[in-house]
Visitor: 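Below are the structure tokens for one structure; questions will follow.
In what follows, every heavy atom counts, from backbone to side chain, and hydrogens, waters and symmetry copies are set aside.
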Amino acid sequence: MDEGASTALQLLLFEVDQAERAGYVNTIDFYDLTPRFIFGDQPNSSRSIEREFEYASQPYKIRLLPAQVRNPDGSERFVFPGEREQLVEDVIRRLAVEANRLQLENGQDSVQISFSLYELRQELRRVRHTLAIDEIREALEILHRSAFEVTKLGTKKPMISATAFPVLLMANSAEIGSKHILQFNPLVAEGLRRLKFRQIDYERLMTLKTGPARWLYKRMVQRFTQAGPMEAYEILATTIARDSGMTLLSRTRDTLRKVDRSVEALVEAGIVESVTRHHRKVPGSKRLDDVLYVMYPSRDFYRDQKAANAIVNDTVTDFRAISGQDETETFVRVPSLRARTLRDQRRRLAGGRTTTPALPGFRKS
């Protein structure tokens, strides 16, 4: 890399040093909690699906449009992103925290990554979610072609209308080591630019076998930032079902049973230490209507959250010190040599976070 080249500061701050924080990735605020996936049977229809959800007490509506996929026999079908696509996206985000993996597209604010199908297959196999190359390729195509629109309730104009990967450039070569390029959704780019991300235990995330369980873990990481041994996270079963995009079953008790399995999965994975359930019944009936979960975090979870809080604070402090700004509408460029020094300093200080500035060598006078 020549000395005149530059690196986007926010992309550098998004990196996770695998020597000090091996097995951790970043979850993006808002984007990672939108109910973009179909967890359950796929509707065999070209019609869109509309859902309502809440984020930070703000109600939203999301409209999902299926991808049109060609079968080996030449016929076509309509498919929405499901659990397979969620896994593939999570693995790509695992690659994204490696040093120098993310790039800005032609100096714009669009974020892209290059990858090979082989490394995706190997990583999926490593975390025990094995997929064939053709399955990975199809999952990428679905994430590229299936659009979603998010609108704040009470407004008419969507705040975002795009696919998970608006640009997908697949190499013509059949070699699985060939490099491909994709562009991330604008909400991901915005989260990076505004530093709206925090670390999550990727290895633990990938032990979870279902999409709703992985969504719930991400929600706890994003929303339960004050986790501690005496703090509990409370959430209704109906909130989990609605905001995760879980397919609702005809009988309420069957939906609640699916939600309960997701909660139990977090206990089995060592994310939640214990759960208290407060059952809510239909007035004047014995029929179960909802469940309030009071979840007490495991020691690993609240230690991870404490570390993530410190990293968030250091990231904001470092960005302000280097750029002279609290927030910006664009990515901030730093010379590559300076970026290399910054990366080395972050690596040395990653194991011992304090409340003092993390990067004194870059403080402005």
Side-chain angles (χ1 to χ4, degrees), residues 8 10-29 31-34 36-37 81-103 111-133 135-137 139-140 142-144 164-165 168 176-177 179-185 187-189 191-192 195-211 213-222 269-271 300-301 304 307-308 311-312 315 343 346-347 350:
Q10 293 97 320
L11 300 188
L12 189 152
L13 295 173
F14 184 76
E15 295 173 2
V16 177
D17 183 70
Q18 295 304 301
E20 295 292 342
R21 297 287 290 172
Y24 287 82
V25 297
N26 286 308
T27 177
I28 305 291
D29 284 10
Y31 176 81
D32 283 339
L33 298 187
T34 56
R36 299 175 288 116
F37 301 99
E83 294 198 18
R84 179 185 66 176
E85 286 68 37
Q86 183 196 45
L87 285 167
V88 169
E89 186 175 32
D90 282 340
V91 166
I92 289 172
R93 292 276 291 281
R94 157 66 184 84
L95 302 179
V97 300
E98 295 177 355
N100 294 312
R101 287 301 292 257
L102 295 182
Q103 302 292 330
V111 180
Q112 64 182 28
I113 186 173
S114 64
F115 63 96
S116 72
L117 296 178
Y118 176 77
E119 65 180 336
L120 294 185
R121 186 185 69 175
Q122 291 299 97
E123 177 61 15
L124 284 162
R125 179 181 295 171
R126 187 186 71 80
V127 293
R128 300 186 179 183
H129 292 287
T130 303
L131 293 174
I133 289 293
E135 292 179 294
I136 297 170
R137 189 188 300 273
L140 290 168
I142 291 170
L143 289 165
H144 169 54
F165 304 144
L168 177 64
I176 58 176
K179 288 295 183 180
H180 314 282
I181 297 174
L182 65 81
Q183 180 190 106
F184 288 99
N185 183 274
L187 288 177
V188 174
L192 291 172
L195 306 179
K196 299 299 183 182
F197 52 82
R198 63 184 286 116
Q199 287 193 11
I200 185 173
D201 187 338
Y202 167 82
E203 300 295 331
R204 204 179 295 266
L205 173 71
M206 299 304 272
T207 67
L208 300 170
K209 301 302 182 183
T210 67
R214 289 188 290 270
W215 175 90
L216 182 57
Y217 181 30
K218 291 175 184 177
R219 175 166 173 137
M220 287 186 66
V221 167
Q222 286 196 23
I271 297 164
D300 284 348
F301 181 85
D304 277 351
I311 292 167
V312 167
T315 298
R343 190 177 285 115
R346 283 174 63 83
R347 183 179 299 116

Visitor: Suppose we call two aromatic rings close when their centres sit under 6.0 Å apart. Are F197 and F14 close by that rule?
Guide: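 For F197 and F14, the ring centres are under 6.0 Å apart.
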
Visitor: Would E83 and R214 satisfy salt bridge (charged side-chain N to carboxylate O under 4.0 Å, His left out), going step by step from the backbone distance to the final call?
Guide: CA-CA 10 Å; E83 294 198 18; R214 289 188 290 270; 3.8 Å; yes

Visitor: To check you understand the geometry: which heavy-atom pair defines the closest contact between G270 and D300, and what is its length?
Guide: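 Looking at all heavy atoms of both residues, the shortest contact is O-CB, 4.4 Å.
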
Visitor: Go through the steps for K218 and L33 under the test side chain to side chain contact (heavy atoms under 4.5 Å, CB included), then give the verdict.
Guide: CA-CA 7 Å; K218 291 175 184 177; L33 298 187; 4.0 Å; yes

Visitor: Is the F301 ring parallel, tilted or perpendicular to the Y217 ring (thresholds 30°, 60°)?
Guide: tilted

Visitor: Out of curiosity, Q122 CD to S116 OG, how far, rounded to the nearest 0.5 Å?
Guide: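 Answer rounded to 0.5 Å: 9.0 Å.
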
Visitor: Does D17 form a side chain to side chain contact (heavy atoms under 4.5 Å, CB included) with V97? I'd like the steps, not just the answer.
Guide: CA-CA 8 Å; D17 183 70; V97 300; over 6 Å; no

Visitor: List the steps and the verdict of side chain to side chain contact (heavy atoms under 4.5 Å, CB included) for V25 and V16.
Guide: CA-CA 7 Å; V25 297; V16 177; 5.7 Å; no

Visitor: To the closest 0.5 Å, what do you measure between CZ (R125) and CZ (R121)?
Guide: 5.0 Å

Visitor: So do the side chains of V91 and L87 get within less than 4.5 Å of each other, counting heavy atoms only?
Guide: no

Visitor: Work out which heavy atom in L13 is nearest to a heavy atom in L195; give both atom names and the distance.
Guide: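 What the structure gives for the nearest pair is CD1-CD2, 4.2 Å.
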
Visitor: Does a donor on one side chain and an acceptor on the other come within less than 3.5 Å for Q222 and T27?
Guide: yes

Visitor: To the nearest 0.5 Å, how far apart are CD in E89 and CG in L182?
Guide: 9.5 Å

Visitor: Taking all non-hydrogen atoms of both residues, which atom of D201 and which atom of R204 are closest, and how far apart?
Guide: OD1-N, 3.1 Å

Visitor: Any side-chain donor-acceptor pair under 3.5 Å between D90 and Y202?
Guide: no

Visitor: Write down the atom of G82, the atom of F37, and the distance for their closest heavy-atom approach.
Guide: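 Shortest heavy-atom contact: O-CD2, 3.4 Å.
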
Visitor: Does the side chain of N26 reach to within under 4.5 Å of the side chain of I200, using non-hydrogen atoms?
Guide: no

Visitor: CG of L208 to CD1 of I271: how many Å apart, nearest 0.5 Å?
Guide: 4.5 Å

Visitor: Would you say the side chain of L102 lies within less than 4.5 Å of the side chain of F184, judging by non-hydrogen atoms?
Guide: yes

Visitor: Kindly determine whether R94 and E119 satisfy salt bridge (charged side-chain N to carboxylate O under 4.0 Å, His left out), including the steps that lead there.
Guide: CA-CA 11 Å; R94 157 66 184 84; E119 65 180 336; over 6 Å; no

Visitor: Heavy atoms, side chains only, cut-off 4.5 Å: are Y31 and R36 in contact?
Guide: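 Counting from C-beta outward, Y31 and R36 do come under 4.5 Å.
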
Visitor: From E15 CD over to R21 CZ, what is the distance, rounded to the nearest 0.5 angstrom?
Guide: 15.5 Å

Visitor: Under a 4.0 Å threshold between the charged nitrogen and the carboxylate oxygen, would E123 count as salt-bridged to R93?
Guide: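 Salt bridge between R93 and E123, a charged N being under 4.0 Å from a carboxylate O: no.
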
Visitor: If you apply the rule side chain to side chain contact (heavy atoms under 4.5 Å, CB included), what do you find for I136 with L140, and how did you get there?
Guide: CA-CA 6 Å; I136 297 170; L140 290 168; 4.3 Å; yes

Visitor: Roughly how far, to the nearest 0.5 Å, is the OG1 atom of T34 from the CD1 atom of I28?
Guide: 11.5 Å

Visitor: Check the angle between the aromatic planes of H180 and F115 and answer parallel, tilted or perpendicular using the 30° and 60° thresholds.
Guide: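 It falls in the tilted class, 30° to 60°.
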
Visitor: Looking only at non-hydrogen atoms, find the nearest pair between H129 and K209 and report the distance.
Guide: CE1-CD, 4.4 Å

Visitor: Run the salt bridge (charged side-chain N to carboxylate O under 4.0 Å, His left out) check on R198 and D29 step by step: do they pass?
Guide: CA-CA 8 Å; R198 63 184 286 116; D29 284 10; over 6 Å; no

Visitor: Looking at V88 and A139, what are the two nearest heavy atoms and their distance?
Guide: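 Where V88 meets A139 most closely, the heavy atoms are CG2-CB, 3.8 Å.
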
